[in-house]
Amino acid sequence: MTGEPFFVTTAISYPNGRPHIGHAYEAIATDWLARFARLDGRAVFFLTGTDEHGLKIAQAARARGLSPRAFVDEMSSLFRKMAEDLRISFDRFIRTTDPDHRVCAQALWQRMAANGDLYLGRYEGWYSVRDEAFWDEADTTLDADGVRRAPTGTEVTWTVEESWFFRLSRYQERLLDLYDRHPEFVQPAFRLNEMRAFVERGLKDLSVSRTSFDWGIPVPGAPGHVMYVWVDALANYLTPTRFWTGEGGWPWPAQLHVIGKDVMRFHAVYWPAFLMSAGLPLPRRVFGHGFILNRGEKMSKSAGNVVEPSELVQAFGLDAVRHFLLRAIPFGQDGEWSPEAIAARANAELANDLGNLAQRVLSMIVRTCGGRMPSARPATPEDEALAARARALLPACRSAHEAVRPDLALEAIWDMVAATNLYLTRQAPWTVRRTDPARAEAILWRAADALRRVGLLLQASIPDTAARLLDQLAVPAGARGFAGFDTPVPTGTPVPEPRPLFPRLELPA
RNA sequence: GGCGGGGUAGCUCAGCCGGUGAGAGCGCAGGAUUCAUAACCCUGAGGUCGCGGGUUCGAUUCCCGCCCCCGCUACCA
């Protein structure tokens, strides 16, 4: 049931700018997956990090008057800090400048070369000396003065550069076969269709080295060449496996790569082709999530709507942010975000539905049950109905986890919270206890146990709040894994005086 | 242009292979209640189900045309 190891990754971030809510979203969603799997007793390896090579980094560093190395040291630390602030439970924060990653990327390269898939060729295109970059012809303009210019306004000239190429064209059939045999490889499903359509149109070989800049991993045996993005960046997933030594690493393949929809092709086409070339197993799945739009608009510096994750956490608290992102947006779709939406969701669900439920149940237990966990007593049909729902919650959440849909898991959990509130209102233990104290205790026990299960499951999404809830329910630290899902808190266990679980938030002015 | 997906209550969306009075959550308005974080519970809100045709006893659900939106259509990650 729970034996399968779970190696899960985010994409690595390109730290030429500061982390934004999009980075936070991917990290939080993947963190939910990792925490859930750990709670479910699986061996988890959660990898995230930064992709630090390339021209843009070198340019950004120069603009700051820093060496590339000094620049990425600083920028990467911002991403790591973000992950820590968001309580992302990564097992390794990888940097593509890490020594073992360099070895890994070169080992991958050599495997691909050994398979005859890398050859020296020429990369040609419209090159801007000022930008140090090639531009698509479609992006350039031929101005009235007869000069062709890049979007940046700099002059471009047709330039030929020596480059290593990967024989991607060899892999068209094998990729299509992969999509046919393992349609779950690319998710959501509509992305698979896009990837298949892309591959069906025919694949050209891929330029995978550059000589025009040197901030990158050297190509083995090819002085002057550094790897150009794909082999370097994608190899990060392989680095913790130490596949090149055959020992000491986390077992490959990864179960899941969580990525943004913008890097779908690189993970669903190039990456499996690289691995096939290297004779390595493929990851089980690649899941492309959507973007978080600020009031319906993509964030950009020019629009002045860039929000840093730390600001959100400061304004609303970490769990309000985590809860909103996981709950409010169907994972895989784009979603909209606003301060009002975060606060409204937190108030309605964390404070009112959940927090108030905990408060009403626990305060009655403390006040009317002598501060000790009551006992179940014979169950009524209403009790059984609630219990059946509660038991079904773990399987439902497991399904949502398997489907990479935290939103569906949280929907099921909040249905349970609502059912428990309704149960409590209908059973009215505050009235029953005047005539039948034992029955009132049984009702409170039933509600408390539903809350306990909710609390266990919420550890994946809102770990701080969930921990407080479980503390208040007197759930022992050793009984908080899903293995204990059907194990109630023993009758008679002292229950502490409850404190409001989650405060109502005021809207920022 | 090609391929794919969409346009359903103020907002976000459910609505398998056509059929009793078109749903949920949020928001809003009433009510009830007081165990509880003015929370929980109940009720209502009267939406051309994008537009126009067609098939059918009957279509939001099938077919055709049109309008609009979105994704993919290779070297910025």
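Reckoned from all heavy atoms, side chains included, excluding hydrogens, waters and symmetry mates. Throughout, a chain's letter reflects where its sequence line sits, starting with A, and its residues are numbered from 1.
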Close aromatic pair by centroid cut-off 6.0 Å: A/F287 and A/F331: yes
Taking atom P in both B/rG10 and B/rC3, what distance in whole Å separates the two? 35 Å
Let me know the distance between CG of A/N347 and P of B/rG25, rounded to the nearest Å. 19 Å
Separation between the P atoms of B/rC51 and B/rA59, rounded to whole Å: 15 Å
Any strand: nucleotide that pairs with B/rA24 via Watson-Crick or wobble, under 3.5 Å: B/rU12
Atom CZ of A/R95 and atom P of B/rA77: how far apart are they, to the nearest Å? 19 Å
What is the distance, rounded to the nearest whole Å, between atom CG of A/L55 and atom P of B/rC75? 16 Å
pair A/R69-A/D73: side-chain heavy atoms closer than 4.5 Å: yes
A/Y270 has a side chain; which of B/rA77, B/rA74, B/rC72 sits nearest to it? B/rA74
Need the pair for B/rA29. Rule: Watson-Crick or G-U wobble, both distances under 3.5 Å, any strand; none if unpaired. B/rU43
Distance, C1' atom - from B/rG5 to B/rU56, rounded to whole angstrom: 28 Å
Between A/N236 and A/T239, do the side chains contain a donor N or O and an acceptor N or O under 3.5 Å apart? no
Over how many whole Å does the gap from A/F291 atom CZ to B/rC70 atom C1' extend? 13 Å
Select base, sugar-phosphate, or nothing to describe what A/G202 touches, counting heavy atoms under 4.0 Å on all strands. base
Assign A/L203 to base, sugar-phosphate, or nothing according to its heavy-atom contacts below 4.0 angstrom with the strands shown. base
Looking at B/rG4, which nucleotide sits across from it as a Watson-Crick or G-U wobble partner, both distances under 3.5 angstrom, or is there none? B/rC70
For the aromatic rings, using the six-membered ring if either is Trp, is the centroid distance between A/F266 and A/W230 under 6.0 Å? yes
What is the distance from NZ of A/K204 to C1' of B/rU73, rounded to the nearest Å? 12 Å
Assign A/F190 to base, sugar-phosphate, or nothing according to its heavy-atom contacts below 4.0 angstrom with the strands shown. nothing
Contact class for A/L168 (heavy atom, under 4.0 Å): base, sugar-phosphate, or nothing? base
Per-nt protein contacts along nucleotides 31-42 of chain B (heavy atom under 4.0 Å; B base, S backbone sugar-phosphate only, - none) come out as ----BBB-BSSS
Output the rounded distance in Å from CZ (A/F198) to P (B/rG71). 18 Å
Do A/W414 and A/D353 come within less than 4.5 Å of each other through their side chains, counting heavy atoms only? yes
Using the C1' atom on both, measure B/rC28 against B/rA9 and round to a whole Å. 12 Å
Whole angstrom is fine here: how far is it from CG in A/L293 over to P in B/rC70? 12 Å
Which part of the nucleic acid does A/D334 contact within heavy-atom distance under 4.0 Å: base, sugar-phosphate only, or nothing? nothing
Identify each donor-acceptor pair in which a side-chain atom of residues 365-375 of chain A lies under 3.5 Å from a protein atom, sequence neighbours left out, and give them as a table.
from, atom 1, to, atom 2, distance (Å)
A/T368, OG1, A/M364, O, 2.6
A/R372, NH1, A/G492, O, 2.7
A/S375, OG, A/R377, NE, 2.9

I'd like the P distance from B/rC66 over to B/rA74, given in whole Å. 27 Å
Give me the distance, rounded to whole Å, that separates B/rA24 from B/rA32 when you measure between the P atoms they each carry. 23 Å
Of the listed nucleotides B/rA74, B/rA77, B/rC72, the one nearest the side chain of A/R191: B/rC72
Return whichever of A/L206 or A/R327 has its heavy-atom-nearest nucleotide of RNA chain B closer to the 5' end. A/R327
Rounded interatomic separation in angstrom, taking CZ from A/R201 and C1' from B/rA74: 10 Å
Quick check on RNA chain B: between A/A197 and A/A328, whose nearest nucleotide comes earlier from the 5' end? A/A197
Give A/D415 one of three labels, base, sugar-phosphate or nothing, depending on what nucleic acid heavy atoms sit under 4.0 Å from its own. nothing
Taken to the nearest 0.5 Å, the spacing of A/E411 CD from A/R405 CZ works out to 9.0 Å
Using a strict cut-off of less than 4.0 Å between a Lys/Arg side-chain nitrogen and an Asp/Glu carboxylate oxygen, indicate whether A/R468 and A/D319 qualify as a salt bridge. no
Can you check the distance between B/rU73 and B/rG27, where both ends of the measurement are the C1' atom (answer in whole Å)? 40 Å
Plane angle bin for A/Y171 and A/F166 - parallel if under 30°, tilted between 30 and 60°, otherwise perpendicular: parallel
When rounded to the nearest Å, what value does the distance between P atoms of B/rG18 and B/rU60 take? 14 Å
